[in-house]
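Naming convention: chains lettered A, B, ... in sequence-line order (proteins, then strands); numbering from 1 in each chain.
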Amino acid sequence: MSQISLTFPDGNSRDYDAGVTPAEVAASISNSLAKKAVSATVGGAHWDLQWPITGDTQIAIHTMKDEAQALELIRHDFAHVMARAVQEIWPDVKVTIGPVIDNGWYYDFDREEPFTPEDLGAIEAKMKEIINKRDPVTTEIWDRDRAIKYYEANNEPFKVELIEAIPGDEPLRMYWHGHWQDLCRGPHLQNTGQLPADAFKLMSVAGAYWRGDSDRSMLQRIYGVGFQNKEQLKKHLHMLEEAAKRDHRKLGREMNLFHMQEEAPGQIFWHPNGWTIYTELQNYMRRKQRAGGYVEVNTPQVVDRKLWEASGHWDKYQEHMFIVEVDEDHAREKSINALKPMNCPCHVQVYNQGLKSYRDLPLRMAEFGSCNRYEPSGALHGIMRVRGFTQDDAHVFCTEEQIEEECARFIDFLSSVYKDLGFEEFEIMFATRPEKRVGTEESWDHVENALENAIKKTGHEYTLDPGEGAFYGPKLDFKLTDAIGRIWQCGTFQVDPNLPERLDAVYIGEDGAKHRPYMLHRATLGSFERFIGIMIESHAGKLPFWLAPRQVVVASIVSDADDYVHQVVAALKAKGIRAEADIRNEKINYKVREHSVGKVPVILACGMKEVEEGTVSIRRLGEKHSKVLPLDDVTTTLAVEATPPDLA
RNA sequence: GCUGCUGUAGCUCAGAGGUAGAGCACUCCCUUGGUAAGGGAGAGGUCGAGAGUUCAAUUCUCUCCAGCAGCACCA
């Protein structure tokens, strides 16, 4: 038998018989390592302890201490144990797939009856039973025919379909523990007893389409979370509880920012507090955009279908539009209109007024464009995904050569805005040419290169999202996460040669001939609604002072101080600070608590001492102690703090 | 849109086949209190909407609406 040389992380190497498994390698080092080992990294790949190694390579043996590998194995094995538990309780349930995800795993099942919360408890109990059996995990490679026959015989049509989708002659790996078997890439633990039976929890059950295809049957997906030990599980569950407190829907109610109601699903009734945030943010964006070389326009809400037909939206997007029909009793002619779902066609209309020269380009046309989209009911989510919203939208009309520069300029602009708003980090997704597309390959090459260069020039990392661009051009999406880690697209940058073509936008070039401009769709915040939702969650309601709807509450401690409280409020207002008086007949404890819960950043308490000395007792949100300071000092300090970041 | 769950006072929630309850919030009274809930009284609900079963439905059944979780969608 031939020999192979395995190199360990410390640089030493040893010879073994070809076909040696990591389990055998571990045993050759020490008994304790053999027991503790869970997997290996072989030649850069995560390797099952049972898989043979056939050539010279690098090897590292993993134990539970290697967090990345351990968590992947644990979660993957939990998924298998859960599937086995389900089939032991309900033998007729069909299994499909069960991958590892952030913090845990899921497994999709096909079963007539819905799983209930009580069922989840029963499954958890069965899983613990299985783990305690400490069944060894074994694996074998099967050929396709055998695997297909096996699953056909066992009435597992989903597995058969999975195998049929696996390309050609790729060998199929089977895993067992106990009598239970699953088709799986691996790697897995050595035995089910290596799973921490007290460090997992089944979280929820929800529908999920088979193979992610909404035309196919809906399966039941059970989600679980799993960790190396009980403490980490507890920590995770606690984190979820904390995150729930930051939910913008809850804080929106508690801070009296907005509400929504049945009569206008997916639309927001902004209350004075919430609208203050909104307008402050909009004022800020308006100043930033002016400074950034944009001109601002405003275009109609209700637009005749003729324009949507010309733009192509009527064909492709109609089911997502609110259609407005004006009938003949009210209008001279019957007309069919749509509420605008986006601003671009209207912006081309503005562009098309008057002949443009190459000297006018790039033309950056911005609008705080109020849009309505008939989003699917299941997609609605608080103020993050709504049917009526306002984009901080703009379209840059430019030449192909200007795209790179405009893209870089936008990324810098967006970074500056995000930084001002407290988001140092964000994810850029670079979506490239899809299979179904228009335009020449040369043009796609050029435009994709322009975007890539722009990202590099501005010094950001990005994630490639191949094939996910629009049919007419590539795009960048800028994403932020909410309190529980759900990812939301906020900013966007899209290259579009298509709409100028459809709506016949032109400019006169240096050569005196007509040319077609490119149109760059771009939004920084995306929508005010979504961005405010994200901001509420990321700040847990404690917005930066300049954005806080109620910046200061001045509270009297005794009613003899009420007049002074009004003077203090007037002094603050004179400095442009949003201040209000609280002279209710309540104790100071009560007032402090109420305004703390309401996330008011500064409470100024005034008793007779302050009245006599011309001071205020300042207490900042989150701080336990207050400080007595001269009123003038406080108004000056707060006025500085109230300055928006772009004016500071 | 799909699967499942939920809908009772402004909010958070309890409850039962015989037309409803708590805490907080609200109003009034007492209290003038020094930094996260002082005390008392009062008012407040067509139990999401519609239909059906029943002597009787807010409770059971069906349909619809909305919300929540996930999936799909987000040009």
Side-chain angles (χ1 to χ4, degrees), chain A residues 101 106 108 111 113-117 119 203-223 244 247 249-250 253-254 256 259-266 311-313 315-321 341-342 344 373-382 384-387 434 436 468-473 475 477 484 486 488-489 492 494 496 498-499 521 526-527 530 555-562 583-598 603-610 617-628:
Chain A
I101 53 174
Y106 66 77
D108 288 348
R111 180 188 181 219
E113 297 290 304
F115 288 112
T116 64
D119 290 342
M203 303 298 284
S204 62
V205 55
Y209 294 110
W210 169 232
R211 315 205 95 196
D213 183 344
S214 58
D215 290 333
R216 308 199 58 171
S217 52
M218 183 152 269
L219 307 169
Q220 295 188 64
R221 175 172 297 177
I222 301 179
Y223 285 90
D247 190 310
R249 295 166 294 192
K250 182 176 155 69
R253 221 177 7 252
E254 289 173 359
N256 195 11
H259 84 274
M260 303 174 90
Q261 62 186 50
E262 270 194 34
E263 290 82 353
S311 69
H313 291 93
D315 267 356
K316 287 213 168 110
Y317 199 68
Q318 194 180 152
E319 63 182 35
H320 295 289
M321 293 201 281
M342 45 196 74
C344 29
R373 298 181 186 175
Y374 191 80
E375 299 285 11
S377 57
L380 302 178
H381 181 92
M384 307 269 237
R385 182 86 180 261
V386 286
R387 290 182 175 155
K436 278 190 183 172
E468 290 303 309
F471 69 90
Y472 47 73
K475 63 174 178 176
D477 285 334
I484 64 164
R486 282 181 289 225
W488 294 92
Q489 183 194 314
T492 187
Q494 279 188 42
D496 182 6
N498 182 59
L499 199 61
H521 308 252
S527 85
R530 177 175 294 181
S556 56
I557 296 169
V558 292
S559 50
D560 283 345
D562 289 356
I583 55 165
R584 289 174 303 169
N585 177 16
E586 296 291 351
K587 293 198 172 186
I588 192 64
N589 295 318
Y590 183 93
K591 296 181 182 179
V592 165
R593 178 187 149 76
E594 186 173 283
H595 299 124
S596 299
V597 168
I603 299 170
L604 301 182
C606 301
M608 289 321 288
K609 183 164 166 266
E610 287 75 14
S617 168
I618 178 168
R619 180 189 166 113
R620 290 178 184 267
L621 185 58
E623 286 178 9
K624 290 221 166 70
H625 300 289
S626 55
K627 253 190 251 173
V628 177

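For A:Tyr209, taking side-chain heavy atoms from C-beta onward, the closest of the listed nucleotides B:rA37, B:rA72, B:rG4 is B:rA72. Looking at the side chain of A:Val592, the nearest of the listed nucleotides B:rA69, B:rG38, B:rU35 is B:rU35. Of the candidate nucleotides B:rC73, B:rG48, B:rU3, B:rC73 has the atom lying nearest to any side-chain atom of A:Ala379. Nearest to the side chain of A:Pro114, among B:rG4, B:rG67, B:rC71, sits B:rG4. The side chain of A:Ile484 approaches B:rG70 more closely than any other nucleotide in the set B:rU32, B:rA36, B:rG70. In this structure, of B:rC73, B:rA69, B:rU35, it is B:rA69 that holds the atom nearest to the side chain of A:Arg486. Residue A:Ser377 places its side chain closer to B:rG1 than to any other of B:rU35, B:rC74, B:rG1. The side chain of A:Ala206 has B:rA69 as its nearest neighbour among B:rC73, B:rA69, B:rG34. Taking every side-chain heavy atom of A:Pro265 into account, B:rG67 is the closest of B:rG67, B:rU35, B:rU32.
Note: CZ (A:Phe115) to P (B:rG4) measures 13 Å, nearest angstrom. Rounding to whole angstrom units, CH2 of residue A:Trp210 and C1' of B:rA72 are separated by 16 Å. Rounded to whole Å, the distance from CD on A:Glu254 to P on B:rA25 is 14 Å. One atom, CD of A:Glu586, and another, C1' of B:rU27, lie 13 Å apart when rounded to the nearest Å. A:Met218 places its CE atom 9 Å from the P atom of B:rG4, with the value rounded to the nearest Å.
Using atom P as the reference point in both B:rA49 and B:rC73, the two lie 36 Å apart (nearest Å). The gap from the C1' atom of B:rC11 to that of B:rC74 amounts to 33 Å, rounded to the nearest Å. Rounded to the nearest Å, the gap between the C1' atom of B:rU58 and that of B:rG40 is 33 Å. The P atoms of B:rC64 and B:rU3 are separated by 11 Å, rounded to the nearest whole Å. The C1' atoms of B:rG44 and B:rA57 are separated by 24 Å, rounded to the nearest whole Å. Nucleotides B:rC26 and B:rA43 are separated by 9 Å at their C1' atoms, to the nearest Å. For the P atoms, the distance linking B:rC30 with B:rG67 amounts to 46 Å, nearest Å. For the P atoms, the distance linking B:rU19 with B:rA56 amounts to 15 Å, nearest Å.
One finds no side-chain N or O of A:Arg373 lying less than 4.0 angstrom from the OP1 or OP2 phosphate oxygen of B:rC74. OP1 or OP2 of B:rA25 has not a single side-chain nitrogen or oxygen of A:Arg253 nearer than 4.0 Å. Put simply, A:Tyr590 has a side-chain N or O that comes within less than 4.0 Å of OP1 or OP2 on B:rA25. Contact between the side-chain N/O atoms of A:His381 and the OP1/OP2 oxygens of B:rC74 is not found at any separation under 4.0 Å. In terms of phosphate contacts, A:Arg385 brings no side-chain nitrogen or oxygen within less than 4.0 Å of OP1 or OP2 of B:rC73.
Looking at A:Tyr374, its side chain has no donor and acceptor atom pair within 3.5 Å of the base of B:rG1. Between the base of B:rG34 and the side chain of A:Glu610 there is a donor-acceptor pair shorter than 3.5 Å. For B:rC2, the base has no donor-acceptor partner in the side chain of A:Arg216 [N/O atoms by modelled type, under 3.5 angstrom]. Put simply, the side chain of A:Arg221 and the base of B:rA69 share no donor and acceptor less than 3.5 Å apart.
Take the nearest nucleotide of RNA chain B for A:Ser559 and for A:Phe471: the residue whose nucleotide is more 5' is A:Ser559. Ranked by how close their nearest RNA chain B nucleotide is to the 5' end, A:Tyr317 and A:His625 are led by A:His625.
Interatomic distance, CZ of A:Arg584 versus CD of A:Glu594, reported as 4.0 Å (0.5 Å rounding). Here the straight-line distance linking atom CH2 of A:Trp210 with atom CG of A:Asp215 works out to 15.0 Å at 0.5 Å rounding. The structure places CZ of A:Arg530 at 6.5 Å from CZ of A:Arg385, a figure rounded to the nearest 0.5 Å.
In a base pair of the Watson-Crick type (N1 to N3 plus N6-O4 or O6-N4) or a G-U wobble (N1-O2 and O6-N3), with each distance short of 3.5 Å, B:rC24 is matched with B:rG10.
Contacts of A:Ser617 classified as side chain to side chain contact (heavy atoms under 4.5 Å, CB included), with partners at least two apart in sequence or in another chain: A:Ala605, A:Glu610, A:Ser626, A:Val628.
In A:Glu319, the CD atom is not crowded: 12 or fewer heavy atoms of neighbouring residues, nucleotides or ligands sit closer than 6.0 Å.
Between A:Tyr317 and A:His313, the ring planes lie perpendicular to each other; the angle is over 60°, past the 30° to 60° tilted range.
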